[in-house]
Amino acid sequence: MTTPFPFTALVGMRDLQLGLLLNAVNPRIGGVLVRGEKGTAKSTAVRSVASLLPELAVVPGCRFCCDPAAPDPDCPDGRHDDSRGVRRGARLVELPVGASEDRLVGSLDIERALSEGVKAYEPGLLAQAHRGILYVDEVNLLQDFLIDSLLDAAAMGVVHVEREGVSVRHAARFLLVGTMNPEEGELRPQLLDRFGLTVEVAASRETDERVEVVRRRLAYEEDPEGFAARWAAEEAELRERITAARALLPRVRLGDAALRQIAATCAAFEVDGMRADIVMARTAAALAAWAGRTDVLAEDVRQAALLALPHRRRRAPFDAPGLDEEKLDDTLRENAGPDDDPDPGGPDGPDGGGGAPPQDDGGDGPGSGDGADSGDAGGPGLPGQRAEQEPEQQRPEESAGPAPGEGGSGEKAPAAAGEPFRARALTVPGVGEGTAGRRSRARTAQGRTTGARRPRGALSRLHLAATVQAAAPHQRARGRHGPGLLVRRDDLREAVREGRESNLVLFLVDASGSMAARQRMSAVKGAVLSLLLDAYQRRDKVGLVTFRRDGAEVALPPTSSVDAAAARLESLPTGGRTPLAEGLLRAREVLRVERLRDPGRRPLLVAVTDGRATGAGPAAHGGSPGGASRRGAGTEGPVARARQAARLLAGDGVASVVVDCESGPVRLGLAGELAAALDGTAVTLDGLRADAVTGLVRSLQGVQDPRTARRAA
């Protein structure tokens, strides 16, 4: 077994270490969600904390980690009447992103259950994690059906496995720890709320700290055992402090003043439900115990708020999580008791009553896979102090000033997006087999049963009626006497289920001069934001391609981060000509590459344009640089090139929707013609609204005749 990197050797990661340590003191806090960029030692820190947890007493031979002092009466391994136990360390169980539902919750041997009447159960990862740590790396990429099972177990502390009337239950209480890179997408609000605390980590920008990161990482890789031995004394001291804090925790007094501050803070930040209040109370008590105190002070409440509230006050998918610390201090001051510090967040803030074992001056711990690693400054156990993070740097094209466009069309400053609305559902025709989601029809592990087939591999979803139908004709030949059914392997049938899949929604946005009018572009951005919100709720991947002036660019490669797409859209510059053909061809190339990376995910192209096409000059396209869309309709003109590119996309089988942005009393209907060339459908901006009385897009299946698309505008 690989020697883990010592927890005390991690420096510069104060909030992350503190959040993990507080959960070690009081596991009922509910775990930690670690958000941060790649290569910041998130995984390393989580794996290293497991060795600090106190040992457990377990029933010998029990696969479900039962406590001999209070065994689970419903344990599938039988009743444990003997109170004797063996001691071992707490387990760190990792849940892979691509795990199956059976791997998570366990599986029943349906074949033996039917033919032998034996309740044979193979425990899953939740059983292994009972009384330990369940770690999910890249938790934001976890599939919905796994999240549902995880939510049920986290809420009830029990796992139920039901397969065709055969039922098994067992206890599953664990410390949930997840890591994620926000650039790859956000979590569902239900799962986000299940994490007790959240911390942000970022790479240090200090040269000395980065040097120390590399030095420690290289030393660890060269001699893991020797490196761990050099930190053994600090590890032992921290382990003893956790044990002492656990023993002190029951005597910590959470007074009325602290409870009032907690309630007032949660109300002031408008968090949903009451879980935030409870988590804050448990965290504040753990902070007091960690500092060696029996009274909860205002400083504990403040630190608890900074850890427990940022992810709970997130109001919309495009709002960044965070907390206004000035508002927090004002709230605490207004609800302070007579003995509280009137300025808990001031320069003489708390130090946690002793802090943690001393550490070297600089550096972070090891990288989480690639050797790169950094974080905030300081060491564990210093509540009340938080390192400042570097502001996100602007992309060069976002900070660039106005530049003159071609053909007399100047580049416009980005227009503000209009108010988002609830968009109608756009779906891909047919039945896919992609990743489970909420958009298009697909054959999935979850959903309604539509048929039966012979099992592929281990049987997990029995189709009982089809199995009985297959076995019934052979009962006399098999010599059956009396009640019961003789079932053999060849008789078994598994259910074929239909649910919903997620798709790749690629936005192709016209940012040319014809779209640059402020009011018009504002409405366009509001519509795209509405579709992005819909994609977030349906668990889609999204991408963004824009075209203007001389060509097209991939503003955002396909990603699960809808927030990133919204940010790029907000700063989208406009102006110049309309190279529609280049935009379509660039979108086709993006879809081609993504098809190789993720062949099971079907694409949906959403082109947002008025359908006009103007060339970039005679040298590029053989057309007149200033020719209008209609005049460029020759065999080598920009309109012809755009229609040819659209037919290529249609030939690839790409499902498409054209959002017609043309406005005014006189309309050319070019967007409808583009939709016909794409073999897709067109919809107006108003038609995107779910509450529109006359909307053309319920799904792409609604348009069978391409001529219908021409009239859609």
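Just the heavy atoms: all of them, side chains too, but no hydrogens, waters or symmetry mates, feed the values below. Source: prediction; values computed, not measured.
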| request: Under the side-chain contact (heavy atoms from CB on, under 4.5 Å) rule, collect the residues that match up with Asp193, sequence neighbours excluded. | output: Arg275, Arg312

| At what distance, to the nearest 0.5 angstrom, does CG of Leu22 lie from CG of Leu287? | 4.5 Å

| Ser502 backbone acceptor or donor facing Arg539 side chain under 3.5 Å | no

| query | Between Glu101 (side chain) and Leu146 (backbone), is there a donor-acceptor pair under 3.5 Å? | reply | no

| task | Ignoring hydrogens and angles, tell me if any N or O in the side chain of Asp540 forms a donor-acceptor pair with the backbone of Tyr536 under 3.5 Å. | result | no

| message | Taking side-chain hydrogen bond (donor to acceptor under 3.5 Å, both in side chains) as the definition, give me every residue that meets it alongside His170, ordered by chain and number, with sequence neighbours left out. | response | Tyr121

| task | Could I get the full list of side-chain hydrogen bond (donor to acceptor under 3.5 Å, both in side chains) partners for Arg253, not counting sequence neighbours? | result | Asp295

| said: For Arg239, give me all partners under salt bridge (charged side-chain N to carboxylate O under 4.0 Å, His left out), at least two apart in sequence or on another chain. | reply: none

| task | Report the residues that fulfil side-chain hydrogen bond (donor to acceptor under 3.5 Å, both in side chains) with Arg215, sequence neighbours left out, ordered by chain and then residue number. | result | Glu212

| said: Donor-acceptor check, side chain of Thr283 to backbone of Val279, threshold 3.5 angstrom: yes or no? | reply: yes

| task | Taking the side chain as every heavy atom from C-beta outward, state whether Cys62 and His80 have any atom pair closer than 4.5 Å. | result | yes

| Sidechain-backbone polar pair: His311 side chain, Phe195 backbone, donor-acceptor under 3.5 Å | yes

| task | Kindly say whether Cys66 contributes a backbone atom to a donor-acceptor pair with the side chain of Asp72 at under 3.5 angstrom? | result | no

| note | Sequence neighbours excluded, the answer for side-chain contact (heavy atoms from CB on, under 4.5 Å) partners of Asp277 is Ile262, Ala263, Cys266, Met274

| Side-chain donor-acceptor contact under 3.5 Å, Glu234 with Thr8 | no

| remark: Applying salt bridge (charged side-chain N to carboxylate O under 4.0 Å, His left out) to Glu94 and not counting sequence neighbours gives Arg47

| field | Main-chain N/O of Ala203 paired to Arg205 side chain as donor or acceptor, under 3.5 Å | value | yes

| task | With rounding to the nearest 0.5 Å, note down the distance linking CE in Met280 to CG in Asp300. | result | 10.5 Å

| message | So, applying side chain to side chain contact (heavy atoms under 4.5 Å, CB included) with Leu33, which one of Leu191, Asn140, Leu192 is it? | response | Leu192

| Counterpart residues, side-chain contact (heavy atoms from CB on, under 4.5 Å), relative to Pro27 (two or more places apart) | Arg246

| task | Please identify each residue that fulfils side-chain hydrogen bond (donor to acceptor under 3.5 Å, both in side chains) with Arg194, with sequence neighbours left out. | result | none

| query | Given Leu197, which of Val34, Asp15, Ile29 fulfils the side chain to side chain contact (heavy atoms under 4.5 Å, CB included) condition? | reply | Ile29

| task | Could you list all the salt bridge (charged side-chain N to carboxylate O under 4.0 Å, His left out) pairs where at least one residue sits in residues 121-136, not counting sequence neighbours? | result | Asp67-Arg131

| said: Please check: side-chain N/O of Arg538 versus main-chain N/O of Arg438, any donor-acceptor pairing under 3.5 Å? | reply: yes

| request: Classify the angle between the aromatic ring planes of Tyr220 and Phe5 as parallel (below 30°), tilted (30 to 60°) or perpendicular (above 60°). | output: perpendicular

| task | Could you tell me whether a side-chain N or O of Arg216 sits under 3.5 Å from a main-chain N or O of Ala9, the two making a donor and an acceptor? | result | yes

| Any donor-acceptor N/O pair, Arg210 side chain to Ser204 backbone, under 3.5 Å | yes

| Which residues satisfy the side-chain contact (heavy atoms from CB on, under 4.5 Å) test with Ser51, sequence neighbours excluded? | Glu235

Could you list the donor-acceptor pairs under 3.5 angstrom formed between side-chain atoms of residues 172-182 and any protein atom two or more places apart in sequence or on another chain?
residue, atom, partner, partner atom, Å
Thr179, OG1, Tyr135, OH, 3.2
Thr179, OG1, Asp137, OD1, 2.6
Asn181, OD1, Glu183, N, 3.2

